[in-house]
Amino acid sequence: MNYVSKKMRDKTPYEPICGEYRVRLDANESPFPIPQNIIEKFTVWLSSNALDRYPDPSCVALRAAFAKRYGVDASRVVAGNGSDELISVIMTSLLDKGDSLAVATPEFSMYAFYAGLSENTVFFTQKDENYSLDTLLDFVKEKGARAVIFSNPCNPTGQGFEREAVLSFVKKCPALCIVDEAYMDFWDQSILDVCDKYENLIVLRTLSKAFGAAGLRLGFAVGHESLINAINVARSPYNVNSLSQELGRLVLEGDIDNGRYLSVQAQKLSIKLSELLPDAKIHPTCANFVYLEHSSSKQIYKGLLCRGVAVRYFSPDRLRITASTDEELSLLYDAITDIMKGLD
Ligand code: PMP
């Protein structure tokens with residue numbers, strides 16, 4: 001007798017790069033920690049707030065801070081233990097077993113993973129040179145999918161769709177649209193402000209990228225009342241712990257604004273990579289990372305790890321490299337130069 005469910009038997013845990021690397025450019029995190037003035041306020045709060053009670057199940061203060069920062073109605077916002085958790089809860093609460101989800105790859109791998117766990121069928125289409133939201137819309141219609149999900153800007157490709165194109169997609173789309181704006185703090189084409197106007201739209205955000213708060217595990221879903229209600233019913237009652245609620249609130253009310261700097265760094269990184277790797281296909285980016293294709297990607301990835309620099313490798317020939325400070329990027333450039341000399 002196998003006591004593990006059939007759906008889990010071929011699954012393996014998500015394996016991010018672990019270990020000590022002096023430069024971490026593999027997970028699209030911010031190189032900037034939460035500023036000291038915010039940590040000090042948090043420490044004061046912590047000294048007078050015991051953790052013997054459950055957290056606020058509705059995350060009222062945290063959601064209010066998010067709503068204020070992004071100009072949305074707090075009643076349309078739900079907070080999660082990372083947007084990862086919300087993706088999982090969305091699949092289980094807004095889709096029934098056997099419902100289908102459309103995904104154009106390459107995309108953030110957890111979408112298909114969570115859809116699989118909630119026993120949804122995933123229809124994949126491969127992005128090509130001409131990929132656009134029209135292509136995706138045709139695919140959704142052709143498959144009769146119940147839902148469609150994409151990141152904008154896209155992880156891993158960096159491709160961004162402008163606000164008007166996304167809204168036009170949502171209006172024409174017969175399916176539930178989940179638009180993941182995890183990287184929108186690096187760009188300016190968000191649809192967050194209007195997302196409660198569409199009955200078929202959920203927008204996701206996170207504090208893990210531009211805010212330098214990946215360790216807090218805080219994500220948000222914003223959308224129409226009926227969708228937010230269903231997510232609230234399905235999520236666990238105390239899904240966001242008290243520490244994250246308070247520090248997240250302070251982060252959102254503070255003046256952290258590294259998005260613009262890091263998006264400029266990503267453009268600089270792009271230019272420098274095309275000099276260092278003239279044979280590479282560098283994808284244009286609207287996010288805080290650069291995605292590239294190069295025949296020696298695997299060797300470059302391994303060579304970088306040996307030199308203490310972690311980037312993300314996608315088999316067989318792609319790399320995704322997170323933008324960072326000039327100092328960290330110059331260590332990356334030196335390492336790539338060194339590796340390429342050895343490959344000549
Ligand atoms: N969406 C996208 C597109 C991502 O790249 C990531 C993290 N890599 C997430 C969601 C999950 O973010 P969080 O840390 O909020 O769970």
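Small disclaimer: the values here were computed from a predicted structure and weren't measured. Sequence positions, counted from 1, serve as the residue numbers for this chain.
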Charged N-O contact under 4.0 Å between Arg307 and Asp334: no
side-chain contact (heavy atoms from CB on, under 4.5 Å) assessment of Tyr70 paired with Asp185: CA-CA 11 Å; Tyr70 288 104; Asp185 293 299; 2.7 Å; yes
pair Gln159-Cys286: side-chain heavy atoms closer than 4.5 Å: no
Ring centres under 6.0 angstrom apart (Phe169, Phe150): yes
Pairwise distance CG(Leu332) to CD1(Ile336) - rounded to 0.5 angstrom: 4.0 Å
Test item: Val194 and Arg163 side chains (from C-beta on) under 4.5 Å apart, heavy atoms: yes
Asp255, CG atom: more than 12 neighbouring heavy atoms under 6.0 Å: no
Within residues 264-291 or reaching into it, pairs that qualify as side chain to side chain donor-acceptor pair (under 3.5 Å) - sequence neighbours excluded: Glu129-Lys281, Tyr261-Gln265, Gln265-Lys268, Gln265-Asp326, Lys268-Asp326, His283-Glu293, Tyr291-Arg318
Exceeds 12 heavy-atom contacts within 6.0 angstrom, atom CZ of Arg69: yes
Short side-chain to backbone donor-acceptor contact, Ser263 and Arg260, under 3.5 Å: yes
Leu62 side, atom CG; Glu253 side, atom CD - distance, nearest 0.5 Å: 9.5 Å
Sidechain-backbone polar pair: Ser30 side chain, Phe211 backbone, donor-acceptor under 3.5 Å: no
Verify same cluster id: Met340, Tyr313 (apolar side-chain graph, 4.5 Å): yes
Atom pair CG (Asp138) and CG (Leu136), whose distance is rounded to the nearest 0.5 Å: 9.0 Å
Plane angle bin for Tyr111 and Phe108 - parallel if under 30°, tilted between 30 and 60°, otherwise perpendicular: perpendicular
hydrophobic_cluster_shared for Val140 and Val179, side chain cutoff 4.5 Å: yes
Closest approach of Leu94 to Ala230 (non-hydrogen atoms, all atoms of both residues): CD2-CB, 3.6 Å
Stepwise side-chain contact (heavy atoms from CB on, under 4.5 Å) check, Arg205 with Leu192: CA-CA 9 Å; Arg205 301 291 290 232; Leu192 205 50; 3.8 Å; yes
Step-by-step salt bridge (charged side-chain N to carboxylate O under 4.0 Å, His left out) determination, Asp26 to Arg320: CA-CA 7 Å; Asp26 56 306; Arg320 190 197 65 204; over 6 Å; no
Under 3.5 Å, side-chain donor or acceptor atoms of residues 297-306 against the rest of the protein: list the pairs with distances, not counting sequence neighbours.
residue : atom : partner : partner atom : Å
Ser297  : OG   : His294  : O            : 2.9
Ser297  : OG   : Asp317  : O            : 2.8

Close side-chain approach of Gln189 to Phe161, heavy-atom, < 4.5 Å: no
Exercise: identify the closest heavy-atom pair between Ser83 and Thr206: OG-CB, 3.8 Å
NZ/Lys11: more than 12 non-hydrogen atoms of other groups inside 6.0 Å: yes
Where Val309 and Ala335 come nearest, the two heavy atoms and their spacing: CG2-CB, 4.5 Å
Val222 reachable from Leu227 in the ILVMFWY side-chain graph, under 4.5 Å edges: no
Side chain to side chain donor-acceptor pair (under 3.5 Å) assessment of Glu225 paired with Ser75: CA-CA 8 Å; Glu225 192 180 6; Ser75 68; over 6 Å; no
Check against side-chain contact (heavy atoms from CB on, under 4.5 Å), Lys97 and Asn120: CA-CA 5 Å; Lys97 178 177 171 180; Asn120 307 126; 5.8 Å; no
Tyr183 and Phe289 aromatic ring geometry - parallel, tilted or perpendicular at 30°/60° bounds: perpendicular
Student check: side-chain heavy atoms of Phe32 and Thr325 closer than 4.5 Å: yes
Side-chain heavy atoms of Phe66 within contact of Lys68, under 4.5 Å: no
Residues that Arg63 engages under side chain to side chain donor-acceptor pair (under 3.5 Å), provided they are two or more places apart: none
Taking every non-hydrogen atom, the tightest pair across Ser208 and Arg217: OG-NH1, 3.5 Å
Student check: side-chain heavy atoms of Ile282 and Val290 closer than 4.5 Å: yes
Distance-only check: which donor-acceptor pairs under 3.5 Å involve side-chain atoms of residues 99-106, not counting sequence neighbours?
residue : atom : partner : partner atom : Å
Asp99   : OD2  : Asp96   : N            : 2.8
Asp99   : OD2  : Arg146  : NE           : 3.0
Ser100  : OG   : Arg146  : N            : 3.3
Thr105  : OG1  : Thr125  : O            : 3.4
Thr105  : OG1  : Gln126  : OE1          : 3.2

Gap between atom CE of Met110 and atom CD of Glu85 - 0.5 Å precision: 12.5 Å
Minimum-distance pair of heavy atoms, taken over all atoms of Gly98 and Thr121: O-OG1, 3.6 Å
Interatomic spacing from CD1 in Ile191 to CD in Glu162 - rounded to 0.5 Å: 13.5 Å
Partners passing ring pair (Phe, Tyr, Trp, His ring centres under 6.0 Å) against Tyr14 (at least two apart in sequence or in another chain): none
Residue pair Leu25 / Ser324, side-chain heavy-atom distance below 4.5 Å: yes
Exceeds 12 heavy-atom contacts within 6.0 angstrom, atom CD of Glu119: yes
From CA spacing to verdict: side-chain contact (heavy atoms from CB on, under 4.5 Å), Ile256, Asn258: CA-CA 6 Å; Ile256 298 174; Asn258 296 318; 3.8 Å; yes
Gln245 side-chain N/O to Val240 backbone N/O, donor-acceptor pair under 3.5 Å: yes
More than 12 heavy atoms of other groups within 6.0 Å of Arg9 CZ: yes
Same apolar cluster: Tyr238 and Val233, side chain cutoff 4.5 Å: no
Backbone of Cys154 reached by a side-chain donor or acceptor of Asn152 within 3.5 Å: no
Ile17 with Val23, same ILVMFWY side-chain cluster at under 4.5 Å: yes
Atom pair CD1/CG of Ile321 and Leu273 - distance to nearest 0.5 Å: 5.0 Å
Over all atoms of both residues, closest heavy-atom pair of Ala213 and Ile34: CB-CD1, 4.0 Å
Pairs of donor and acceptor atoms involving the side chains of residues 196-204, under 3.5 Å and at least two apart or interchain, shall be tabulated with distances.
residue : atom : partner : partner atom : Å
Asn200  : ND2  : Val170  : O            : 3.1
Asn200  : ND2  : Cys173  : O            : 3.2
Asn200  : ND2  : Ala175  : O            : 3.2

Distance-only polar pair, side chains of Arg312 and Asn28, donor-acceptor under 3.5 Å: no
Pairwise side-chain contact, Tyr131 with Thr157, heavy-atom cut-off 4.5 Å (strictly under): no
